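For clarity, every value in this text was computed on a predicted model and none was experimentally measured. Because only heavy atoms are used, hydrogens play no part in the values below, and waters and symmetry mates are left out as well, while side chains stay in.
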Amino acid sequence: MMFNRVDRARLKKVGPDRLCAEWLLKNGAKAKFVKDNRTHVHFNALPEESLPVLMEELDGTDSGIMHIGFDHLEGLTRLRKVVLHNCVYIDDQALWKLRYVASTLEELQISKCGNVTDHGLLQLKQLSKLQHVKTFDLPYKLYLIGSNSKETRFRVLEIDRRAPELTIYENPNELEKGDIRKFVQSRSFIRTISAYGVLGFVKFLEGYYLILVTKRTRCAFIGKHIIYTIKDTAMIRVNESSSKQMHPLEQRYVKMFNNVDLNSNFYFSYSYDLTHSLQYNLAAPKFVGTRCDIVKDEPLVWQNRTGEKITYAFRGVSRERFVWNAFHLKPMRDVIHKDWMLEIIHGFISQSSISIFGRQVYVCLIARRSTRYAGTRFLKRGANFHGDVANEVETEQIVLDGNRMCSFTQLRGSVPSHWSQDVSKMVPKPQIAIDLSDPYGETAGKHYQRLMFHYGAPVIILNLVKTREKRRHESLLSEEMHSTVSYLNQFLPPHLRIRYIDFDMARKSRGTGNVMEKLAKIAETVIQQTGMFYLDDERNQKQTGIVRVNCVDCLDRTNTAQFAIGKCVLAHQLYDLGFLKERRLEFESDCITMLENLYEDHGDTLALQYGGSQLVHRIKTYRKTAVWASQGNDIMQTLSRYYSNTFSDTEKQHSINLFLGYYIPSKTEVNKPLHIWDLETDFYIHNSRFDEIRQISTTPLTQWVSPFVMNCLPAAVSDENRVVKELIKIHSNDAEIIDYYSNFHYDYKLTSFEEHIDYQLSHLSRNLAPAFRSHFSPFEPIRRQQSTALKNPSLTGQSSTSSANSSSSDRSDDESESDEEDKSNRNTAPSSSNNSSRAEDPVTLSSMFPMTNDIYGFEIRMPKKADMLKYEKYAEINRICCSSGLPIRPASPHQYNRHAQMNESGGLSICNNEIIIGNGTLEKDIQSDIAIPTVSDKSIAIYEKYCMLKYTIMHDYRCDPKILEYVNMFA
């Protein structure tokens, strides 16, 4: 501050211009004098005191000048330009003191000055000579400019960066390209960021941060709706801190928030609701408005009484359970237009294609991870008191063929009871413990009622947990689950009861047992009971019910079981589409290889998110086709999962709780004496309404399914009573809201083939096809070369990473296996497919080069002599006709000479399917065999006119009257 005060004695000695320059240079600013091209930076480089100087320009960039020092401007008569950039001590008082040079100042720039407000800028109106003003990158304004895909319509958001809370103003009008160009030109932006969507706002201890999607990649499409995956994001500080020093824990919270990698496995779509299934998205809306009551309100009735075709568009209501940025979008709700809201899901999305003799059929796999009771492997087990289970993922398998669509939905999730594993001891598999007894199945009842509400009935539970063990471990969960389901089923009618299937997958896979064949029988039963969604121009079939698959972790065994169900479902889907004669697909075919790769990636991704490593026991392990080299990979994945669960899961769980808004940091720690990393448990975070849960309910426990849901079953309540935010009547087919063609093909911009999703999928499908093949059907099995010299432990049914699951103590239970199998599969239908693998067939020369009779139905043989003579006669026709009377000589003395009996005139005729070559004496025989037609002169004249038609029209500009008469007949 001492260098900013005016030295009155020095002012009298050197004058105001010289003193002002000294003040600027002492505080790190720059000065320029009249008739001096130099910009003075150093104090010692100033002209001598005896020389008169006049200040012309003042540049305070990155300097320490303060409003007190602006008193030096008094008395300046030639100051024309002032630049104030990144001046942290400049405030509104400094701008008010610019009145000293109001009669001379012409150019002014104010940028990145944190203490300047609107009140200070209003003081600039006193500068009468001011011609150019530049204000940019000021903390009080942040602009978001959004546009449609064609960049023809724009919206503008204005955010006040000075307010302690988030203050957003939106221009209610849509702007056109010319209007937005004028808006941008009127402001000089020093920093701009191109983004593809706003994910929301988040606040820790100081202020709000804006989260933007800066990079995206197409990963799939459904119809004309494109699905993107996020590749990069940007986090921008919105509110400036009220204090000069940032809170010491602010950066720690920011780092913890960024531990949830938004660049990995997060997906969005501008036009398709990824939080709901295809069946729900294609259902007709019944209620409008988010505040409607589907129990009391009257639904919409869709009747076209006028006969006029009316098109409606609607804005759906997302299922918040699967929206991972729902907490970040809350500050924007009911404030700005809904087009700004970009909702994302977390999980897995991938798409591949099947080439059926050139016709592309697309298979898409969508996995939606739930935000409720979300977390890591050992820290989130069982369920909370709301019925939300850990590791809950909804998987949907969609098959597309033009306008025809079909889908099937299945679910995975932890056992819905209160259980955990003690992770304080560093052991690979901690002991399972039931923490809280639930004799009336209240928690499980809430979970199953939610499944019936969204998916209908029946709910089929495929429990893959071990049922018999010498030392009780997993069997605790099987007993708990079976007893709960048996109790709840007492209060349901027989046709709506929960179907419970016990399938000890670990035991069934030992020895020579064929797990995939047994799972195929269960899958066939599931499909027969639930059906699947199918839609075309003539038929609309819905899936009623859901299959819920679980093991202990819901990772390895669960993924294999879901693949077995998906394989059976794909056969039914292709059969309904008309591509298969029977509902059966074989292993080792291109179609199933593609599906297996999809489910392998699906399982790896979900395992990394929940367990910290990829799958340990893969589909090939249970198919017993895994190669010996996979043993090392299984060991590494086991070690990776153990390390992640032991050392990094706690920090990852804190990040998830912070990201989803279960824990909200606050400066005033009145009710929060501890920060998130100091909490001993997050039990009360995920059971936030625990006090309400403990209250006695007036509804009897036997009525665990509400009457409204019961009356709608077996159909899903959500599908039959779809709620949308708003309905929009479309008056033109060219309306942009329904113009999916332009959004899909980008016909308004130049794109390369590599950027198009169809091109990417077609190239991806080529990697699944073998280099050598004897047929091109994707449904026929292909013999693939496998090495059988070394025996993989997985080929004997055991995991390559032995643990308590495959110990010798468990093998003694194999003798009593048959009773359990009969009990769990008593309602199982016959097998729909032969799942035996061909991987162990020996590779021989005949298998690599099969005979043509095996492939095409005929065998290549040497031609008969009579056939060869007939072919040679046929081959000589052209040479005989073009011989011009010259004798034809054989090319070699050994060549068969057919012209020895021919004279110079030659000739040929056809009689009784035989080609006869002779001399002129046979002319009568030829004419008697084939009558040569005679052409009249009139016909020849017409033909000649036809040949000259082009010339007469193009050159002589005339045409025959007969031809004109003929043309006028069709005019």
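Residue Leu464 is tested with Thr560, Val549, Asn550 for a side-chain contact (heavy atoms from CB on, under 4.5 Å); the sole match is Val549. Partner of Arg321 under the side-chain contact (heavy atoms from CB on, under 4.5 Å) criterion, out of Arg369, Glu392, Arg368: Glu392 alone. The ring-ring contact (aromatic ring centres under 6.0 Å, His included) with His686 is formed by just one residue from the set Tyr662, Tyr663, Phe385; it is Tyr662.
Remark: Asp719 engages no residue in a salt bridge (charged side-chain N to carboxylate O under 4.0 Å, His left out) (not counting sequence neighbours). With sequence neighbours excluded, the residues satisfying ring pair (Phe, Tyr, Trp, His ring centres under 6.0 Å) with Phe257 are Phe204, His328, Phe659. For the ring pair (Phe, Tyr, Trp, His ring centres under 6.0 Å) test, residues two or more places apart in sequence or in another chain that qualify with Phe266 are His346. Legend: residues meeting ring pair (Phe, Tyr, Trp, His ring centres under 6.0 Å) with Tyr169, ordered by chain and number and at least two apart, are absent. Contacts of Phe327 classified as ring pair (Phe, Tyr, Trp, His ring centres under 6.0 Å), with partners at least two apart in sequence or in another chain: none.
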Is there a side-chain hydrogen bond (donor to acceptor under 3.5 Å, both in side chains) between Glu206 and Tyr253? Walk through the geometry before answering.
CA-CA 11 Å; Glu206 289 293 344; Tyr253 276 113; over 6 Å; no
Derivation of the side-chain contact (heavy atoms from CB on, under 4.5 Å) call for Tyr373 and His386
CA-CA 9 Å; Tyr373 207 54; His386 308 298; over 6 Å; no
side-chain contact (heavy atoms from CB on, under 4.5 Å) between Ile366 and Cys364, worked out
CA-CA 7 Å; Ile366 301 178; Cys364 183; 3.8 Å; yes
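Formation of a donor-acceptor pair under 3.5 Å by the Tyr610 side chain with backbone atoms of Lys380 is found in this model. Remark: side-chain polar atoms of Arg155 are not paired, donor with acceptor, to backbone N or O of Leu144 under 3.5 angstrom. Using modelled atom types, no side-chain atom of Gln279 and backbone atom of Phe533 make a donor-acceptor pair closer than 3.5 Å. Judged purely by atom type and a 3.5 angstrom limit, Arg618 has no side-chain atom pairing as donor or acceptor with the backbone of Glu600. Distance alone, capped at 3.5 Å, is enough to place a donor-acceptor pair between the Asn148 side chain and the Arg153 backbone.
In this structure, Phe268 and Tyr228 have parallel ring planes: the angle between them is below the 30° cut-off, well short of the 60° mark. Aromatic ring pairs are classed by plane angle as parallel below 30°, tilted from 30° to 60° and perpendicular above 60°; the pair His276 and Tyr280 is parallel.
Between Lys542 and Glu720 a salt bridge is recorded (basic side-chain N to carboxylate O distance below 4.0 Å).
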Using atom types as modelled, flag every donor-acceptor pair under 3.5 Å from a side chain in residues 405-412 to any protein atom, sequence neighbours excluded.
residue : atom : partner : partner atom : Å
Gln410  : NE2  : Gln562  : O            : 3.4
Arg412  : NE   : Gln562  : OE1          : 3.4
Arg412  : NH1  : Cys554  : O            : 2.9
Arg412  : NH2  : Asn559  : OD1          : 3.4
Arg412  : NH2  : Gln562  : OE1          : 3.0

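In this structure, Gly146 and Trp340 approach most closely via the heavy-atom pair N-CH2, 3.3 Å.
In this model, no donor atom of one side chain and acceptor atom of the other lie less than 3.5 Å apart for His654 and Asp682.
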